[in-house]
Number of protein chains: 2
Amino acid sequence: MKRVTIKDISKHLLLSTSTVSRALTDDKNIRKETREKVLEAAKELGYKPNPSALNLKSGKSNSIGVIVPEMITPFSSKILEGIQNVLSGSKFRVIVAQSNENPETERTNLLMMEEFRVDGIIINLCHETYNHKLYQEILDRGTPMIFFDRIPPSNLDVPKVLVNDQSTSTTMVEHLISTGKKRIVNLMGPKTIRNAIQRADGYKKALYKYKLFDDDLVIETEGTSFIHAKEAMKRLIEKGVVFDAIFAFTDSLAIGAMNYLLEKKYRIPEDVAIASFSGTELSQMVFPPLSTVEQPLVEMGETAVELLLEKIKNPTSKNRFVQLKPELIFRRSTIAQQSHQK
Amino acid sequence: MKRVTIKDISKHLLLSTSTVSRALTDDKNIRKETREKVLEAAKELGYKPNPSALNLKSGKSNSIGVIVPEMITPFSSKILEGIQNVLSGSKFRVIVAQSNENPETERTNLLMMEEFRVDGIIINLCHETYNHKLYQEILDRGTPMIFFDRIPPSNLDVPKVLVNDQSTSTTMVEHLISTGKKRIVNLMGPKTIRNAIQRADGYKKALYKYKLFDDDLVIETEGTSFIHAKEAMKRLIEKGVVFDAIFAFTDSLAIGAMNYLLEKKYRIPEDVAIASFSGTELSQMVFPPLSTVEQPLVEMGETAVELLLEKIKNPTSKNRFVQLKPELIFRRSTIAQQSHQK
DNA sequence: TTGAAAGCGCTAACAG
DNA sequence: CTGTTAGCGCTTTCAA
């Protein structure tokens with residue numbers, strides 16, 4: 001019941017606590033046999049270091065805060081998997097908080113992380129600018145922050161990791177064009193998210209190139225849930241816009257749009273092809289499965305921690321900006337199959 | 001940059017640290033004006049207590065460990081939302097770990113939580129019995145544990161929270177029967193999960209009642225992902241089993257089965273109706289949307305923390321077993337709509 | 001009502 | 001190579 005401390009070991013072995021500490025910390029100033037004796041006793045007595053004591057001493061909390069906008073989709077889950085890959089077995093623990101797409105909640109989470117004295121924060125924003133000042137303040141007060149996926153504007157000099165939204169979007173939209181589609185909608189997500197704009201830019205580039213662009217084809221959604229996509233599709237159709245394909249900001253939006261269309265008896269992809277951008281299991285969980293830009297999410301998580309550990313070790317290190325390479329996956333939502341009855 | 005400590009306040013005010021501490025901890029042995037003076041100075045200087053120091057003193061870590069089998073589906077996300085609802089603004093922080101449906105990883109996570117000296121653990125098992133001994137050991141060593149959703153066998157006396165799997169399953173299956181279905185498959189999930197068996201029992205009860213039971217209709221899956229459902233469906237069909245409805249253990253399994261059938265040109269629900277059990281957004285994200293037993297997941301998370309806080313406050317308190325009431329939601333996957341062209 | 005001092009578990013500077 | 005001592009930030013006796 002009572003935890004074994006370094007003192008217990010020292011009493012047991014008739015040594016001083018400092019000697020025990022030295023053995024445990026692999027200090028050079030100790031005789032080999034002594035160290036071994038201590039290590040053995042530690043194991044025997046079931047000694048586990050007390051993190052609070054370590055933390056008090058070092059002034060660090062040995063924990064890393066991860067703040068994500070949501071955990072409804074498997075997106076954040078994948079990121080966390082990457083983070084845990086790197087951190088498991090290390091002294092660091094992971095504290096997770098969700099902002100529920102609400103910048104005020106994000107603010108609370110950030111302040112909470114600071115109070116907990118986390119050694120660093122890894123964050124995926126839910127609004128591009130809302131908490132901009134706070135990010136700067138936290139950085140100034142000495143907590144390193146790494147941004148991934150939805151990052152702040154470039155006037156904030158911080159380490160970042162994401163995929164190249166723009167050029168990948170262009171490629172995906174070109175794929176749609178290559179299948180013969182001419183009226184491609186961009187279901188672009190909210191303008192308050194940087195990536196939505198980036199991906200829209202990539203989309204535009206492709207459409208300009210093939211002289212297919214039309215303002216009516218770009219439609220903003222109020223949020224990122226599948227419900228927002230349904231609303232947007234409704235608006236679009238009521239407005240009388242004709243379209244034969246959709247390029248959506250995320251899997252959730254693509255799915256919302258697809259379900260709305262299926263309900264209205266559209267055939268996918270014959271009447272309307274759908275492509276999305278994300279890389280979560282969701283794209284394979286719907287029918288027909290979605291063509292999508294698959295981001296290397298686990299790797300993104302891993303990279304984010306690595307950038308953070310770098311910053312923790314050397315706070316004055318240069319702020320790196322890592323771009324990962326996504327993969328384009330083509331599935332049934334954009335490629336018709338020859339039909340055959342069951 | 002440097003954190004403000006209680007000492008800084010004491011120097012600033014020419015008081016002793018103990019007085020400052022008293023003011024901050026709402027001790028009665030302090031003059032009102034002194035307290036106010038201290039509080040004001042604390043605010044002015046931007047004082048934030050150092051959790052590590054508190055923890056070292058109290059021997060507690062003021063953190064709560066949450067261990068979930070997966071975060072691919074929004075299930076755990078909802079639970080975490082409930083947990084954060086109760087805990088936000090409290091002194092407790094939440095440490096999350098995923099077991100990836102692997103009992104060995106679960107074991108590692110449990111030991112990690114113990115090393116971190118969490119004040120308690122909230123856990124959703126990934127295997128009914130694998131780590132049974134370890135649960136008991138951790139409890140014996142003094143860390144309270146609350147189990148939710150997938151709970152251990154009843155010979156482990158611990159607080160638990162879940163919904164009534166069995167009787168709710170019966171009701172849902174009776175719904176399928178009421179729509180005229182006679183050959184209802186139970187896609188039951190792995191037998192190593194208690195709830196799978198419970199739900200199967202509920203299913204059987206309904207089928208016995210209406211004399212519809214047939215051993216061939218019960219099919220176990222190897223795991224809980226949508227891929228396992230596809231495999232199971234394939235096996236079932238190859239075996240030549242005739243069926244007109246499916247009752248699935250979870251949303252993921254229901255979705256996997258549905259997609260497999262849609263691919264094979266079955267009509268849902270006309271050829272095969274599908275009902276599931278879970279309560280995540282997933283059931284609404286597919287087409288047709290799934291009829292499902294919607295569990296109050298946020299509430300489940302809230303209840304779990306409350307049970308835990310109770311145990312933390314009073315370790316000898318009786319182990320409560322809370323059953324929450326789920327809601328049956330009927331959607332298009334079991335109820336055909338009159339068809340009309342777009 | 002306040003201050004001085006001890007101590008939570010651990011590390012590290014300083015002696016020996 | 002090992003022991004003594006101080007101190008991280010805070011709470012809590014014990015005295016005053």
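Just so we're on the same page: letters track the sequence lines, and every chain starts at 1. As the structure is a computational prediction, the values presented were derived from the model and not from experiment.
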*Atom CZ of R35(B) to atom P of dT2(C): distance rounded to whole Å?*
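Result: 10 Å.
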_Any donor-acceptor pair under 3.5 Å linking the side-chain atoms of S16(B) with those of T19(B)?_
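The criterion, which ignores hydrogens and geometry beyond distance, is satisfied for S16(B) and T19(B).
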*Any chance the side chains of E106(B) and Y130(B) put a donor and an acceptor closer than 3.5 Å?*
no
*Within a radius of less than 6.0 Å around CZ of R320(B), do more than 12 heavy atoms belonging to other residues, nucleotides or ligands occur?*
no
*Find the distance I30(B):CD1 to dT12(D):P and express it as a whole number of Å.*
14 Å
*Do the rings of F75(B) and F148(B) sit parallel, tilted or perpendicular, given the 30° and 60° boundaries?*
parallel
*Taking CG from N55(A) and P from dC10(D), how many angstroms apart are they, rounded to a whole number?*
14 Å
*Within this structure, what is the CG-to-P distance between N29(B) and dA16(D), rounded to whole angstrom?*
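It is 17 Å, rounded to the nearest whole Å.
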*Answer yes or no: does a side-chain N or O of T19(A) lie under 4.0 Å from OP1 or OP2 of dT2(D)?*
no
*What string of B, S and - do you get for nucleotides 9-16 of chain C 5' to 3' if you count protein non-hydrogen atoms under 4.0 Å?*
BBBBB---
*Whole angstrom value for the distance that separates P of dG3(D) from NZ of K11(A)*: 16 Å
*Take atom CD in E137(A); do more than 12 heavy atoms of anything else shown fall under 6.0 Å from it?*
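It does: E137(A) CD has more than 12 such atoms within range.
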*asked:* Using a 4.0 Å heavy-atom cut-off, does T34(A) contact any base of the nucleic acid, only the sugar-phosphate backbone, or nothing at all?
replied: sugar-phosphate
*Could you tell me the separation between the CD atom of E33(A) and the C1' atom of dT2(D), rounded to a whole number of Å?*
14 Å
*Between N314(B) and E310(B), is any side-chain donor less than 3.5 angstrom from a side-chain acceptor?*
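Result is no, nothing qualifies.
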